[in-house]
Engineer: 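Below you will find the structure I want to go over with you.
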Amino acid sequence: MLQVSVLRNDPQWAKERLILKGFSQPELVDTIISLDDQRKKTQNEFDHNQSQVNLASKQIGGLMAKGQTQEAEALKATVAQLKTTLDPLKESMQQIEKQLHDTLVLLPNLPGALVPAGKSAEDNEVVREGGLRKELPANAQPHWDLINQYRLVDFETGAKITGRGFPLYIGKGAKLQRSLVQYFLDYNTAAGYTEYLPPFMVNEASAFATGQLPDKEGQMYFMEADQFYLIPTAEVPVTNIYRDTIVKEEELPIKMTAYSPCFRREAGSFGKDVRGLNRVHQFEKVEIIQIVAPSLSYQVLDEMVAHVEKLIQSLELPYRILRLCGGDMGFASALTYDFEVFSAAQERWLEVSSVSNFESFQTNRMKCRYKDAQGKMQFTHSLNGSSLALPRILACLLENHQTEAGIEIPKVLQPYFGQEIITLP
RNA sequence: GGAGAGAUGGCAGAGUGGUCGAUCGCGGCGGUCUUGAAAACCGUUGACUGUUAAAGGUCCGGGGGUUCGAAUCCCUCUCUCUCCGCCA
């Protein structure tokens, strides 16, 4: 959620930034400022009357104590009179505040200075490429064929148990998933991130705080009976650890990592690029999250990008890093870098990580603040990234490391997986 | 699911209708003393809103009610703890 003060400060600039993000109603900025004016005006009037009521009530107390009941009764009558003006004022104040909040919440975060203009994925900027594309055997295959031959994942049975998009991992496939999760968590904790295992369902307040609500309402699974949402990413429960808290400056930066399954309805996005593990309703992911002082957030963003980059390098995969353009960024983000790994057999890039700085967009919704050196209350900044998302990494590992002899396991994973190569069953 | 107890400022914990936004303690900050530190002593220390700055207003888990006046009384919801039941 944006701060009204930011919009007031330079409405024209704010509108331009919103347009860069592809937001279709920049005029809401003016609506918000005018609502805020109304709010101030109404509140002022209300406060004035309330103050008179408070004063009179105190006087009544004094008069009663002295036994001057007649004077007290007279004052009571004036208070009663004043109070009739209070209720309608309060009502309209609440109404204005709600309207203001409901409108404010519709605005996406303003894109940061580095964000390139553009409407879609084609306009993203390639920051750099890395890793080696291995020479593949002549009969190289896409992962959806490999997982069948090697008996790693069974989509049909997953569909029978639940529905399409719920893969069932089997044998070495399941173990490879588990090895990756463990490796990623160890890698993250070695870099100073504290590991959490969070709840996989969240309440409405949590889903709102990180920006999933109201923006992505239809994308989350919802448990009607208990009013819980299945998490689309560990970002939601983990970031919410710090909802409604005031942290000490010396506690910053707060570095957290968590594994979780992720549930996404992917409503409307099926039909294309959905084969195999490319897009599923349930997948595993290890997330990294930081809460930091505002002045450091972009430096931390670079650190997180470097952190994820090394992790992908260690898996010996060819990758590239993109800086997302305004139109392709998420609702809550101010700057996002996507990591894509080259899927050799599909001959296309697959997104495996997304690292973002949310600045104070989430922390304003969450009310996560700290006192700076001057003793002033400020919103912290929050950042997060996948480190890493699993099914696509699995797909890329299979495709990029397939050889005549079998699927080679990267060195760093071998201690976790327990063998160097997966051979045909 | 049933019964009981509870929810107050960073923590701990008083306060049961009228200068209570809230005693005291711990912690934090500032100071005295000290070469420095500790101890001791003194002072200070919630958030939001509003204003150039004030004043003023709001907040004692959430919502509603009673009253001239509510942290305090009533209703309701949520959560926590203890016991019972069920259960991986």
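Every chain is numbered from 1 and lettered A, B, ... according to where its sequence line falls, protein lines coming before strand lines. In this text, all values refer to a predicted model and were calculated from it rather than measured experimentally. The figures here come from the full heavy-atom set of this structure, side chains too, leaving out hydrogens, waters and symmetry mates.
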Engineer: Rounded to whole angstroms, how far apart are CD1 on A:Ile246 and C1' on B:rC11?
Structural biologist: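 Rounded to the whole Å, the gap is 14 Å.
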Engineer: Residues in side-chain hydrogen bond (donor to acceptor under 3.5 Å, both in side chains) with A:Arg39, at least two apart?
Structural biologist: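 For A:Arg39, the residues satisfying side-chain hydrogen bond (donor to acceptor under 3.5 Å, both in side chains) (neighbours in sequence not counted) are A:Asp36.
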Engineer: Is there a donor-acceptor contact under 3.5 Å linking the side chains of A:Ser333 and A:Asn109?
Structural biologist: no
Engineer: Strictly under 4.0 angstrom, non-hydrogen atoms only: write out the protein contact profile of nucleotides 61-72 of chain B, one letter per nucleotide from the 5' end, B, S or -.
Structural biologist: -------BS---
Engineer: Between A:Lys15 and A:Asp30, is there a salt bridge with N-O shorter than 4.0 Å?
Structural biologist: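 Salt bridge between A:Asp30 and A:Lys15, a charged N being under 4.0 Å from a carboxylate O: yes.
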Engineer: Do the side chains of A:Asp102 and A:Lys98 get close enough for a salt bridge, i.e. N-O under 4.0 angstrom?
Structural biologist: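 Here A:Asp102 pairs with A:Lys98 in a salt bridge, since their nearest N and O are under 4.0 Å apart.
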Engineer: Counting only heavy atoms not in A:Arg151 (residues, nucleotides, ligands), do more than 12 fall under 6.0 Å from its CZ?
Structural biologist: no
Engineer: CD of A:Gln70: more than 12 outside heavy atoms within 6.0 angstrom?
Structural biologist: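 12 or below, so no.
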Engineer: Sequence neighbours excluded, which residues qualify as side-chain hydrogen bond (donor to acceptor under 3.5 Å, both in side chains) partners of A:Glu287?
Structural biologist: A:Lys285
Engineer: Using the C1' atom in both, what is the distance from B:rA22 to B:rG15, to the nearest Å?
Structural biologist: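 To the nearest whole Å, 8 Å.
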Engineer: What pairs with A:Lys21 under side-chain hydrogen bond (donor to acceptor under 3.5 Å, both in side chains), at least two apart in sequence or on another chain?
Structural biologist: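 Expected list: none.
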Engineer: Given atom CD of A:Glu204 and atom P of B:rU78, what is their separation to the nearest angstrom?
Structural biologist: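 Taking CD of A:Glu204 and P of B:rU78, I get 15 Å after rounding.
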Engineer: Hey, are A:Tyr229 and A:Gln219 close enough side-chain-wise for a donor-acceptor pair under 3.5 Å?
Structural biologist: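 There is no such pair between these side chains.
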Engineer: Would you kindly give the OH-to-P distance between A:Tyr370 and B:rG10, to the nearest whole Å?
Structural biologist: 18 Å
Engineer: Between B:rG1 and B:rG69, how far apart are the P atoms? Round to whole Å, please.
Structural biologist: 39 Å
Engineer: Sticking with atom P, work out how far B:rG61 lies from B:rA70, rounded to a whole angstrom.
Structural biologist: 15 Å
Engineer: Could you measure between the two P atoms, the one in B:rC48 and the one in B:rA54, and give it in whole Å?
Structural biologist: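 Each nucleotide's P atom is 14 Å from the other's.
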Engineer: Distance check: side-chain N/O of A:Lys371 vs OP1/OP2 of B:rG46, anything under 4.0 Å?
Structural biologist: no
Engineer: NZ of A:Lys367 versus P of B:rA47: gap in Å, rounded?
Structural biologist: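 Going from A:Lys367 (NZ) to B:rA47 (P), I get 15 Å.
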Engineer: With rounding to the closest Å, how many angstrom separate the C1' atoms on B:rG46 and B:rA38?
Structural biologist: 30 Å
Engineer: For RNA chain B, list all stems, counting runs of three or more consecutive pairs where every pair is Watson-Crick or G-U wobble with both distances under 3.5 Å.
Structural biologist: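 RNA chain B forms these stems: B:1-7 with B:78-84, B:27-32 with B:40-45, B:46-49 with B:56-59, B:61-65 with B:73-77.
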Engineer: Could you give the distance separating B:rG64 and B:rA12 at their C1' atoms, to the nearest angstrom?
Structural biologist: 31 Å
Engineer: Which is it for A:Arg323 and A:Asp338 under the salt bridge (charged side-chain N to carboxylate O under 4.0 Å, His left out) test, yes or no, and what are the steps along the way?
Structural biologist: CA-CA 7 Å; A:Arg323 187 182 288 127; A:Asp338 267 11; over 6 Å; no
Engineer: Distance check needed: B:rG9 P versus A:Asp244 CG, whole Å only.
Structural biologist: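 In whole Å, B:rG9 P and A:Asp244 CG are 13 Å from each other.
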Engineer: Provide, to the nearest angstrom, the distance between the CG atom belonging to A:Asn49 and the P atom belonging to B:rU58.
Structural biologist: 12 Å
Engineer: How would you summarise protein contacts on nucleotides 48-57 of chain B per nucleotide, using B for base, S for sugar-phosphate only and - for none, with heavy-atom distances below 4.0 Å?
Structural biologist: SSSS----BS
Engineer: Can you check the distance between B:rU8 and B:rG25, where both ends of the measurement are the C1' atom (answer in whole Å)?
Structural biologist: 16 Å
Engineer: Which value, in whole Å, describes the distance between the C1' atoms of nucleotides B:rG2 and B:rC24?
Structural biologist: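 Between the two C1' atoms, the distance is 40 Å.
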Engineer: I'd like to know if A:Lys371 and A:Glu249 make a salt bridge, using a cut-off of under 4.0 Å between side-chain N and carboxylate O.
Structural biologist: no
Engineer: Would you kindly give the CE-to-C1' distance between A:Met93 and B:rC59, to the nearest whole Å?
Structural biologist: 12 Å
Engineer: Would you tell me whether A:Tyr370 and A:Glu251 have side-chain atoms, one donor and one acceptor, within less than 3.5 Å of each other?
Structural biologist: no
